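Quick notes on the structure that follows.
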Amino acid sequence: MGCGVSALLQERGASVALLDHRPERAEYLKASGIDVHQEGQWWKVRLRCSAQPTDLGTPDLVIVLVKAYATASAAETLRPCVGPNTSVLTLQNGLGNWETLQRVLEPGSKRDSSILAGTIVMGAATEAVGKVRISGVGPIVLGSPTGDHDRARRVAEELARFWPRVQAVEDVEAALWRKAIANAAINPLTALHEVPNGRLLEEPDLRADLRKLVEEAVAVARASGIEPFEADPIEAVEGVCRLTAANHSSMFQDLSQGRRTEIDQINGEIVRRGAAAGIPTPLSEALVAQVKAREGRSQQKP
């Protein structure tokens, strides 16, 4: 996602610098650029890239797209990039990312924060270092979870110069929960059963589990004071499956390639918040255990 979003913004006229925590990969991307595949065509995008935040100056906007379990370490790395007028926008999966960014970058801050949160609709898969396939580009929805709506509108207006659709919303927590609920229902099932998203609607047992996961997560959101969907939440999540029927979820990709997943920050966070609110989430809890067990077996392979 980081390579894909950076490349598309750069290609559309934005001035982009990519910060990579791996020095050798940063040097490779700086020298070779990013090869992007979309709609049957490959093309190359060149942009600045470094593993040293001090090389990149002080940007107007930092977009955080690391895996959710790396948010805290990424925030520490970002410190030299964040100036007094820099906005920091998380478009990551999971819940709790903007809170982590604020805790590291703005300890004690509650309102008028530079931290923004949002969601992005985009499918991306890495074929090799510097080669990314993009399967669809949809809207970015963003807002200020601490109430600085003027900042959110300014950032949305600027991003809209380079991205097809950008919307600033005041109730960004509902948007974050909508994405988290869809991810919590789709990702672990597709990862454990090794199927693309659309298969969840074709097999009765998987569809029943999908619906149960949505029900559990929506109950936790409502107990937290969030009404994430304006219409039927099950229909909304099944609609995501239809729109992304051929896609392999990020958790499917991570698990199949022996990488750590974001299960703790997606379903695990829903389980934790459910426990705090007295809402049972038995299927979510079971899938967290199953995904973590599969992760453990992958890491033990020689």
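A quick note: this is a predicted structure, and the numbers were derived from the prediction, not measured. We use all heavy atoms of the structure for the numbers below, so side chains are in, but hydrogens, waters and symmetry mates are not.
- We find the CG-CG distance between Leu116 and Leu61 to be 7.5 Å, quoted to the nearest 0.5 Å.
- When every heavy atom of Ile181 is checked against every heavy atom of Phe229, the shortest pair comes out as CD1-CE1, 3.7 Å.
- The CD1 atom of Ile63 lies 6.0 Å from the CD1 atom of Ile140; values are rounded to the nearest 0.5 Å.
- Counting heavy atoms from C-beta on, the side chains of Leu201 and Leu210 come closer than 4.5 Å.
- Test Ser113, Ser114, Ser144, Ser87 against Arg151 for side-chain hydrogen bond (donor to acceptor under 3.5 Å, both in side chains) and you get one pass: Ser87.
- In this structure, the side chains of Ile266 and Met251 come closer than 4.5 Å at one or more pairs of heavy atoms.
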Open item on the list: Please evaluate residues Gln102 and Thr146 with respect to the criterion side chain to side chain contact (heavy atoms under 4.5 Å, CB included), reporting the C-alpha separation (whole Å), side-chain torsions for both, the decisive distance (0.1 Å), and the verdict.
Closed with: CA-CA 10 Å; Gln102 187 182 61; Thr146 60; 3.5 Å; yes
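- Under the 3.5 Å distance criterion, the side-chain polar atoms of Lys179 are left unmatched by any main-chain donor or acceptor of Val121.
- The pair Arg242-Glu238 meets the salt-bridge criterion, since a charged nitrogen lies less than 4.0 angstrom from a carboxylate oxygen.
- Of the possible polar contacts, one joining the Asp20 side chain to the Arg22 backbone as a donor-acceptor pair under 3.5 Å is found.
- When only modelled atom types and interatomic distance are considered, Gln52 and Thr54 share no side-chain donor-acceptor pair under 3.5 Å.
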TODO: In sequence, state the C-alpha distance, the side-chain angles, and the governing distance for Val64 and Leu78, and then conclude on side chain to side chain contact (heavy atoms under 4.5 Å, CB included).
DONE: CA-CA 9 Å; Val64 181; Leu78 284 171; 3.9 Å; yes
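- Between the Arg222 side chain and the Ala217 main chain, no donor and acceptor come within less than 3.5 Å of each other.
- The residues Asp264 and Lys292 are annotated as salt-bridged, a charged nitrogen and a carboxylate oxygen being separated by less than 4.0 angstrom.
- Between Arg273 and Glu269, at least one side-chain nitrogen of the basic residue sits less than 4.0 Å from a carboxylate oxygen of the acidic one, meeting the salt-bridge criterion.
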Open item on the list: Using the rule given for side chain to side chain contact (heavy atoms under 4.5 Å, CB included), can you reason through Ile270 versus Trp177, listing the C-alpha separation, both sets of side-chain angles and the distance that settles it, and then say yes or no?
Closed with: CA-CA 10 Å; Ile270 288 170; Trp177 270 96; 4.2 Å; yes
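- Side-chain contact between Leu47 and Ile34 is present, with at least one heavy-atom pair separated by less than 4.5 Å.
- Distance check, rounded to the nearest 0.5 Å: NE2 of His248 to OG of Ser256 gives 8.0 Å.
- In plain terms, the two heavy atoms of Ala223 and Ala277 that are nearest each other are CB-CB, 3.8 Å.
- Formation of a donor-acceptor pair under 3.5 Å by the Thr86 side chain with backbone atoms of Pro59 is found in this model.
- Residues passing the ring-ring contact (aromatic ring centres under 6.0 Å, His included) test with His149: none are found, sequence neighbours excluded.
- In this structure, Ser32 contributes its side chain and Leu29 its backbone to no donor-acceptor pair below 3.5 Å.
- Of the possible donor and acceptor atoms, none in the side chain of Glu127 sits under 3.5 Å from a partner among the backbone N and O of Arg133.
- Counting heavy atoms from C-beta outward, Arg12 and Pro164 have side chains that approach closer than 4.5 Å.
- Atom OG1 of Thr261 sits about 12.5 Å away from atom CD of Gln253, to the nearest 0.5 Å.
- Side chain of Arg79 to backbone of Val104: a donor-acceptor contact under 3.5 angstrom is found.
- For the pair Leu18/Cys3, a side-chain contact is recorded, criterion being any heavy-atom separation below 4.5 Å from C-beta on.
- Annotation for Asp60: atom CG does not count as buried by contact number, only 12 or fewer foreign heavy atoms lying within 6.0 Å.
- Taking a cutoff of 4.0 Å between a charged side-chain nitrogen and a carboxylate oxygen, Asp209 and Lys212 do not qualify as a salt bridge.
- Looking at Leu9 and Glu11, their side chains never come closer than 4.5 Å, going by heavy atoms from C-beta outward.
- Counting heavy atoms from C-beta on, the side chains of Val5 and Leu91 never come closer than 4.5 Å.
- For the pair Asn187/Ser250, a side-chain contact is recorded, criterion being any heavy-atom separation below 4.5 Å from C-beta on.
- No more than 12 heavy atoms of other residues, nucleotides or ligands sit less than 6.0 Å from atom CD of Glu39.
- Without hydrogens or angle criteria, Gln10 side chain to Val16 main chain gives a donor-acceptor distance under 3.5 Å.
- Shortest non-hydrogen contact noted between Ala174 and Ile226 is CA-CG2, 3.8 Å.
- Residues Val62 and Leu8 do not share a hydrophobic cluster, clusters being chains of Ile/Leu/Val/Met/Phe/Trp/Tyr side chains in contact below 4.5 Å.
- Residue-environment remark: CD (Gln257) exceeds the threshold of 12 foreign heavy atoms within 6.0 Å.
- Annotation: side chain to side chain contact (heavy atoms under 4.5 Å, CB included) contacts of Tyr69 (sequence neighbours excluded): Lys67, Arg260, Glu262, Gln265.
- For the atom pair CG of Asn267 and CG of Leu213, the computed distance is 6.5 Å after rounding to the nearest 0.5 Å.
- A side-chain donor-acceptor contact under 3.5 Å links Asn97 and Thr71.
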Kindly list each side-chain donor-acceptor pair under 3.5 angstrom involving residues 278-286, sequence neighbours excluded, with atom names and distances?
residue	atom	partner	partner atom	Å
Ser284	OG	Glu216	OE1	2.7

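- Contact detail for Val172 and Leu142: the closest heavy-atom pair is CG2-C, 4.0 Å.
- One hydrophobic cluster, built from ILVMFWY side chains closer than 4.5 Å, cannot hold both Leu243 and Ile120; they sit in different ones.
- For Gln92 (side chain) and Val66 (main-chain N/O), a donor-acceptor pair under 3.5 Å exists by modelled atom type.
- Shortest non-hydrogen contact noted between Trp163 and Pro139 is NE1-C, 4.4 Å.
- Taking CG of Leu176 as the start and OG1 of Thr119 as the end, the distance is 7.0 Å to the nearest 0.5 Å.
- Between Leu189 and Leu206, the shortest heavy-atom contact is CD1-O, 3.9 Å.
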